[in-house]
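Model, not experiment: these values are computed from the prediction. Numbers restart at 1 for each chain; the letters A, B, ... are given by sequence-line order, proteins then strands.
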Amino acid sequence: MRNLLTIARKEATVISRDRVALLIMLAMPLALIFILGSALGSIGEGDSLSIDVAIVNEDVGETGKLFVDGLTSSKELAALFNIDVSNDAAAVRADVEKGNLTAALIIPSNLTEKITAGEPIGLEVIQDPGSKIAGGIWVSVVKAGTANASAQIIAGKVLTEELAAAAGAGAGGPRARGPGASAGPMLTPPQLPPMTFDAVAVREIEAKVDARISMISYYAAGMTGMFLLFGSMFGAFSFVQERREQTLARMLSTPASRLAIVGGKAIGVLMIGVGQFTVLFLGTRLLFGVDWGQSVAATLMIGFAEALAAAGLAMTLAALGKTERSIGGIAPAAIMLFAATGGSMVPTEQLPKFLLPVQVISPVYWTVNGFLDVMRGATVADVLPNIAAILAIGAALFAFGVWRLRFE
Amino acid sequence: MASIVEVTDLVKRFGDFTAVDGVSFSIEEGEIFGLLGPNGAGKTTTISTISCLLAPDGGDVTVGGHSVRSDVTAVKRELGVVPQEIALYPTLSAGENLAFWGRMYGLSGAALKKAVDDALLLAGLEDRSKERVEKYSGGMKRRINIAAGILHTPRVLLMDEPTVGIDPQSRNHILETVKELNGKGMTVLYTSHYMEEVEFLCDRIAIMDHGKIIAMGTLNELRAVVGGMDVVDVKVESVSDLVLEQVRAIPGVKQATRTEDALQVLTPGSGSVLGKLVATLESEGSHVTSIAVTEPNLESVFLHLTGKSLRD
């Protein structure tokens, strides 16, 4: 155990003094997070011509249907929004909370009844505060619609009152209004319904969780997931260098066992990964304001799990590559494949389905999605399957590496 | 004195190639034992088997009574190893390197610090212990390479060609260091293809060629193999194959071998040979620049036994 820790400490020291390693493992991900995050803004906002919204019409009367028809039949609105009409309010609320929808309009079941009774009624608009611009457009549209509806209802009501008054005059004498009508019974204007533009009011209810993830947060997760694996490349480099420069042979001539040597080198890579993750986690928070979510423990556990997977990958790379050059070819290719299929570059939902088998064996996939879930409010318990998957992949890579490793 | 290292019928193969072929020798405690032979003779393979880096295919090795076949950890604890390559971490300082190797042998705390300080003193680099090894000269690296092998004061120090590629000053420092360590009671197994080093250092010497020991004994015992012969070293501009054959045909010439710019002749009576030798060389256009007659040395022993130079 002592030898294992001695080797781990030495390994971490040697790798941390490699300027190229530091550049690739720390400077590059921070630069890419900043460039990609800044260039692409936030998910959803950059895609302003197809804002995903939903309408749930629970109104049993005609008014709600008229309202829905008004919103869905407009060509102008169709150019701006992907409007989904649903009956399931709970599902729509959940989609907004998850960030799948930018905003939603919930029409209550008693809309027609309240309007008929002349009572004020509210519509509910759920808006994701993470997409204030896109969500705000939807709110404006709904408000405009309600204002228009209110005006029509008032106009209709006034007309109804006047017609009723006219009918009353015909039956029981005129109830004149205005100048010259002071004699006789006092004529009063019709009582306006307590419905003005506020009669159909919009209430903004923010989604419970800051579910929409800004691009910079997305790429913080994506690039961290990808670049944490680069520690494995430098761990493999170190193994090959030690083999070539005979420090490995010298280590083997000490009382340290082969298991201690392999374990120590793997733990060294793990230490580098943990340090790298700490820098990226804090760096993205402090420099770019990335919100990694409420559960810091969950984020740290995912990062630690991937650093372990990187240690396992280091052993596999050291087993597969005989020289630094060959590892320098294999490692970036493998890591980029893991990253591309794992969601480091584009969300995995946008990738073709046939990539699913590759995604499942990619530690980056489980890591990035775990990070994103935590950003959306997931807890440690929620991401345990991700952590288990990352550890299983890491263990398989470590076992394969140790099986195929050459010491001479 | 008791043997601390026993090598018995050692065999090591790499595929069809037999690198070590039935080698046997023993090293007494407190002795400096030399393994001399040209590159590829099997010296490094032998030392790698003793240090448990390679498992023997035949025979056995014991160190301090522990067999490399059954008690590897105990064997390793008895040994210090100085490999042929500079097996150090270039981005670590000399002090960090030594501390690492000391820890690998179980040293810690004050004992580790003392061992590192002593090793730096022995290497003459105590003032530069904080510098990264990558900034050291080749000779300095060699000295730290040796220091890393003796931190834990092993009973047996295995040194595999520790002076390859260094300046004469550093070489002398290393040879003196080996003498100093041996003076403190450390047993040393020293391999080299430089006969001068082996002659200077070793109490007993085994000469290896093609995986076998072809002669073994003290320096004087080995010289006696050559008997009362003289060694004639001739510096020439060039020696063709034809000239070499003509030299070998001179009566009284027992053996003749050439290097790049020299010819070495083994003869029982140099007086009767010198004239014919020079005449033969000059007549064939091989201009002689100097000629010297010396006592037999390990080079001439090797020449006598194998018909070729150590540096061939």
Is the count of non-hydrogen atoms from other residues, nucleotides or ligands lying under 6.0 Å from [X] atom [atom1] greater than 12?
X         : atom1 : value
Leu259(A) : CG    : no
Lys179(B) : NZ    : yes
Arg258(A) : CZ    : yes
Phe34(A)  : CZ    : no

### Message
Which atoms of Leu248(A) are under 4.5 Å from chain B, going by heavy atoms: the side chain, the backbone, both sets, or neither?
### Response
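Nothing of Leu248(A), per the 4.5 Å heavy-atom cut-off to chain B.
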### Query
Can you say whether Arg250(A) sits under 4.5 Å from chain B via the side chain, the backbone, both, or neither, judging by heavy atoms?
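Both parts, backbone and side chain.
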### Query
Counting a contact as any heavy-atom pair under 4.5 Å apart, which residues of residues 221-231 of chain A contact chain B?
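No residue falls under the 4.5 Å cut-off.
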### Task
Return the option, out of Leu158(B), Thr73(B), Ile86(B), Thr91(B), with the maximum number of heavy-atom pairs under 4.5 Å with chain A.
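Most heavy-atom pairs within the cutoff with chain A belong to Thr91(B).
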#### Entry: Interface residue of largest heavy-atom contact number with chain A, from Glu85(B), Arg77(B), Met104(B), under 4.5 Å
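Of Glu85(B), Arg77(B), Met104(B), Met104(B) has the most heavy-atom pairs under 4.5 Å with chain A.
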### Query
Do NZ/NE/NH1/NH2 and the carboxylate oxygens of Glu134(B) and Arg17(A) come within less than 4.0 Å?
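Arg17(A) and Glu134(B): not salt-bridged.
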#### Entry: Residue pair Phe407(A) / Leu53(B), side-chain heavy-atom distance below 4.5 Å
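A side-chain contact under 4.5 Å is absent here.
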### Message
I want to check something: taking the side chain as every heavy atom from C-beta on, are Tyr89(B) and Glu245(A) in contact at a cut-off of under 4.5 Å?
### Response
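With C-beta onward as the side chain, the pair stays apart.
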[atom1]-[atom2] distance between [X] and [Y], expressed to the nearest 0.5 angstrom:
X         : Y         : atom1 : atom2 : value
Ser253(A) : Ile47(B)  : OG    : CD1   : 11.0 Å
Leu79(B)  : Thr254(A) : CG    : OG1   : 11.0 Å
Thr6(A)   : Trp101(B) : OG1   : CH2   : 11.0 Å

Select one option (side chain, backbone, both, neither) describing which atoms of [X] are under 4.5 Å from chain A's heavy atoms.
X         : value
Asn145(B) : both
Ser108(B) : both
Ala148(B) : both
Leu92(B)  : both
Glu96(B)  : side chain

### Query
If every non-hydrogen atom of Leu88(B) is compared with every non-hydrogen atom of Thr247(A), which pair is closest and at what distance?
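Scanning both residues, the minimum pair turns out to be N-CG2, 3.4 Å.
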For residues 9-16 of chain A, run the donor-acceptor check on the side chains, cut-off 3.5 Å, and write out each pair with its distance to 0.1 Å, sequence neighbours left out.
| residue | atom | partner | partner atom | Å |
| --- | --- | --- | --- | --- |
| Lys10(A) | NZ | Glu242(A) | OE2 | 2.5 |
| Glu11(A) | OE1 | Ser238(A) | OG | 3.2 |
| Glu11(A) | OE1 | Lys265(A) | NZ | 2.7 |
| Glu11(A) | OE2 | Ser238(A) | OG | 2.6 |
| Glu11(A) | OE2 | Lys265(A) | NZ | 3.3 |
| Thr13(A) | OG1 | Arg9(A) | O | 2.7 |
| Ser16(A) | OG | Ala12(A) | O | 3.0 |
| Ser16(A) | OG | Thr13(A) | O | 2.9 |

